[in-house]
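Written below as structure tokens is the structure these notes are about.
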Amino acid sequence: FLVRAKGDSMAPKINEGDLIVARRIDDVDSGRIAICINKGEALIKKVQKEKQGNILISLNSKYPPFLAADDFRIIGEVKNIISNKV
């Protein structure tokens, strides 16, 4: 499936307006980038699996990692990025 990226939390790899090609899947290996739902919001984040739970990581260092909420679920794994830059 395809989603359009919003925001700059995953820059420089994923930028505002990029099309994300994802494979529908409900789990990913630790360290992979996933399309997920957290606190009712769709996010694109790197998922780090830890004993205390899933840590959601932005690639942009101005956004700190955070612990996933109780409603966290993965809906897909990022497989490709189609840049919106010409």
Side-chain angles (χ1 to χ4, degrees):
F1 65 96
L2 294 174
V3 294
R4 187 166 303 278
K6 289 176 64 176
D8 66 348
S9 70
M10 295 303 285
K13 183 173 182 135
I14 300 172
N15 296 290
E16 174 96 30
D18 287 353
L19 273 177
I20 308 304
V21 179
R23 179 172 61 114
R24 190 167 301 280
I25 192 167
D26 61 6
D27 196 17
V28 294
D29 291 335
S30 187
R32 303 297 296 194
I33 298 176
I35 312 292
C36 53
I37 304 296
N38 192 67
K39 294 184 180 177
E41 182 180 11
L43 302 173
I44 302 170
K45 295 291 177 216
K46 183 175 176 181
V47 178
Q48 187 69 41
K49 297 182 177 190
E50 301 290 341
K51 285 183 181 180
Q52 70 268 33
N54 291 305
I55 307 296
L56 303 183
I57 302 168
S58 297
L59 299 181
N60 186 333
S61 61
K62 76 179 186 180
Y63 299 97
F66 59 95
L67 186 62
D70 290 339
D71 74 339
F72 173 78
R73 71 185 189 279
I74 293 169
I75 58 174
E77 180 179 7
V78 172
K79 299 308 275 179
N80 200 358
I81 301 156
I82 302 169
S83 176
N84 71 341
K85 295 180 181 172
V86 178

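Values below: all heavy atoms of this structure, side chains included; hydrogens, waters and symmetry mates excluded.
For the atom pair SG of C36 and CD of E41, the computed distance is 9.5 Å after rounding to the nearest 0.5 Å. For the atom pair K79 NZ and R32 CZ, the distance stands at 5.5 Å (nearest 0.5 Å). Here the straight-line distance linking atom CG of L2 with atom CD1 of I35 works out to 10.0 Å at 0.5 Å rounding.
In terms of hydrophobic clustering, with Ile, Leu, Val, Met, Phe, Trp and Tyr side chains grouped at heavy-atom distances under 4.5 Å, I44 and F1 are assigned to a common cluster. The hydrophobic clustering, which links ILVMFWY residues whose side-chain heavy atoms are closer than 4.5 Å, places L56 and I74 together. Cluster annotation: V28 and F72 are assigned to the same hydrophobic cluster (Ile/Leu/Val/Met/Phe/Trp/Tyr, side-chain heavy-atom contacts under 4.5 Å, transitive). The hydrophobic clustering, which links ILVMFWY residues whose side-chain heavy atoms are closer than 4.5 Å, places I20 and I37 together. In the hydrophobic clustering of ILVMFWY residues, with side-chain heavy atoms under 4.5 Å counting as a link, V47 and I25 come out together.
The shortest non-hydrogen separation linking N38 to A69 is OD1-N, 2.7 Å. Between P65 and I57 the shortest heavy-atom distance is CB-CG1, 4.1 Å. Of all heavy-atom pairs between S58 and M10, the closest is CA-SD, 3.7 Å. The heavy-atom pair separating L43 from F66 by the smallest distance is CD1-CZ, 4.1 Å. Heavy-atom minimum distance, D18 versus S83: OD1-CA, 3.4 Å. The two residues A5 and N15 make their nearest non-hydrogen contact at CB-O, 3.5 Å.
For K62, the salt bridge (Lys or Arg N to Asp or Glu O under 4.0 Å) criterion is met by D8, not counting sequence neighbours. With sequence neighbours left out, I82 forms a side chain to side chain contact (heavy atoms under 4.5 Å, CB included) with L19, V21. Contacts of E16 classified as side chain to side chain contact (heavy atoms under 4.5 Å, CB included), with partners at least two apart in sequence or in another chain: K6. Partners of D27 according to the side chain to side chain donor-acceptor pair (under 3.5 Å) rule, which considers only residues two or more places apart in sequence or in another chain, are K49. Listed by chain and residue number, nothing satisfies the salt bridge (Lys or Arg N to Asp or Glu O under 4.0 Å) test with R4 (two or more places apart in sequence, or in another chain).
Sequence neighbours left out, not one pair with a member in residues 63-76 passes salt bridge (charged side-chain N to carboxylate O under 4.0 Å, His left out).
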